[in-house]
Participant: 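Quick one: structure below, then a few questions.
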Amino acid sequence: MTPTRLHAVASSPRAVLQPEVGEVLVGADELQRRVSELGEEISRDYAGRSLLLVGVLKGAMFFLSDLMRFIEIPVEVDFMAVASYGSATDSSGVVRILKDLDVAIEGRDVLIVEDIVDSGLTLQYLMRNLGSRNPRSLAVCALLTKPERRKVDLPTRYVGFEIPDRFVVGYGLDYEERHRNLPFVAVLDR
Ligand code: 5GP
């Protein structure tokens, strides 16, 4: 199943209250529809196995909790928190682990659940780090990707939406810790 490619934008219903919140790129209904498709696809692909979801804090929290509800095979969840050195909008690829997994992943089927793949540097670090712990399989499920910004080639097995090169907030994604609570994904207007 190919990710939905987005170009069209609509105005945000909260733009008046929060001027930083610009056009809506992915509406709430569209998010739920695509997340349910991803859950079904993952359930089919891992049928007969059990899966460990690794949520990357904090951005993936809404996506992960919605996705889990659409997965029909046995599933466990753990979290990692990472900080990427760089500016508020550009990661450098130098990643620091703020919170590591609670469980060992050797021999497990592991699916990293990410909010957004931008340059791909954070994910590259996570893939190498978790890959060195000898999981049975390791794959990635990202809600959003920005193909134009990619610096490293990464196998991202599941992708929700391909978006243009814009900085987005909402549905878990923040700008300086704000706007995570928006039920849609919108462009940040600065
Ligand atoms: P990368 O290492 O792929 O360049 O960056 C990945 C991380 O940067 C994401 O997990 C996310 O935390 C942050 N990021 C990249 N693009 C965006 C964006 O458009 N909006 C927000 N809120 N965070 C982003």
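Throughout, numbering of the chain's residues begins at 1 and tracks the sequence. Note that these values count all heavy atoms, side chains included, but never hydrogens, waters or copies made by symmetry. Just so you know, ligand 1 is whichever comes first in the structure, and atom 1 is the first atom listed for that ligand.
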Participant: Arg166: heavy atom below 4.0 Å from ligand 1, yes or no?
Facilitator: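 Heavy atoms of Arg166 do come under 4.0 Å of ligand 1.
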Participant: Side chain or backbone, does Asp115 bring an N or O within less than 3.5 Å of an N or O on ligand 1?
Facilitator: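 So ligand 1 has an N or O lying under 3.5 Å from an N or O of Asp115.
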Participant: Would you check whether Val169 reaches within less than 4.0 Å of ligand 1, judged by its heavy atoms?
Facilitator: no
Participant: Output the distance between atom CD1 (Ile42) and atom CE (Met68), rounded to the nearest 0.5 Å.
Facilitator: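 It is 11.0 Å, given to the nearest 0.5 Å.
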Participant: Can you tell me how far the CD1 atom of Ile97 sits from the CG atom of Asn129, to the nearest 0.5 Å?
Facilitator: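 Ile97 CD1 to Asn129 CG: 4.0 Å, rounded to 0.5 Å.
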Participant: Could you list which atoms of ligand 1 come closer than 4.0 Å to a heavy atom of Thr122?
Facilitator: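 Counting atoms of ligand 1 from 1, those under 4.0 Å from Thr122 are 1 (P), 2 (O), 5 (O), 6 (C).
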Participant: For Glu72, check side-chain hydrogen bond (donor to acceptor under 3.5 Å, both in side chains) against everything at least two apart and list the hits.
Facilitator: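 For Glu72 there are no side-chain hydrogen bond (donor to acceptor under 3.5 Å, both in side chains) partners, ignoring immediate neighbours.
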Participant: So if I count the atoms of ligand 1 from 1 in the order they appear, which ones are less than 4.0 Å from some heavy atom of Ile116?
Facilitator: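 Close to Ile116: 6 (C), 9 (C), 10 (O), 11 (C), 14 (N), 15 (C), 16 (N), 17 (C), 18 (C), 19 (O), 24 (C).
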Participant: Does Phe167 have a heavy atom less than 4.0 Å from any atom of ligand 1?
Facilitator: yes
Participant: With sequence neighbours excluded, tell me which residues meet side chain to side chain contact (heavy atoms under 4.5 Å, CB included) with Asp174.
Facilitator: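 Residues passing side chain to side chain contact (heavy atoms under 4.5 Å, CB included) with Asp174: Glu177, Arg180.
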Participant: Taking the non-hydrogen atoms of Gly120, is any one of them nearer than 4.0 angstrom to ligand 1?
Facilitator: yes
Participant: At a 4.0 Å threshold, what atoms of ligand 1 neighbour a non-hydrogen atom of Asp174?
Facilitator: 21 (C), 22 (N)
Participant: Measure the distances from the heavy atoms of Lys146 to every atom of ligand 1 and state whether one is below 4.0 angstrom.
Facilitator: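 Checking ligand 1 against Lys146, which is what was asked, there is a heavy-atom contact under 4.0 Å.
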Participant: Does CG in Asp165 sit with more than 12 non-hydrogen atoms of other residues, nucleotides or ligands closer than 6.0 Å?
Facilitator: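 Yes, CG of Asp165 has more than 12 neighbouring heavy atoms, counting only those of other groups under 6.0 Å.
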Participant: Find all atoms of ligand 1 within a distance of less than 4.0 Å from any non-hydrogen atom belonging to Glu114, and give their numbers and elements.
Facilitator: 10 (O)
Participant: Output the list of atoms in ligand 1 that are nearer than 4.0 Å to some heavy atom of Ser119, sorted by atom number.
Facilitator: 1 (P), 2 (O), 3 (O), 4 (O)
Participant: Rounded at 0.5 Å granularity, tell me how far CE in Met80 sits from CG in Asp102.
Facilitator: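 Output value for this atom pair is 10.5 Å.
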Participant: Heavy atoms, side chains only, cut-off 4.5 Å: are Phe161 and Val185 in contact?
Facilitator: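 Not in contact.
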Participant: Any salt bridge linking Asp100 with Arg133? Criterion: basic side-chain nitrogen under 4.0 Å from a carboxylate oxygen.
Facilitator: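 Arg133 and Asp100: salt-bridged.
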Participant: Can you check whether Val117 has an N/O within less than 3.5 Å of an N/O in ligand 1?
Facilitator: no
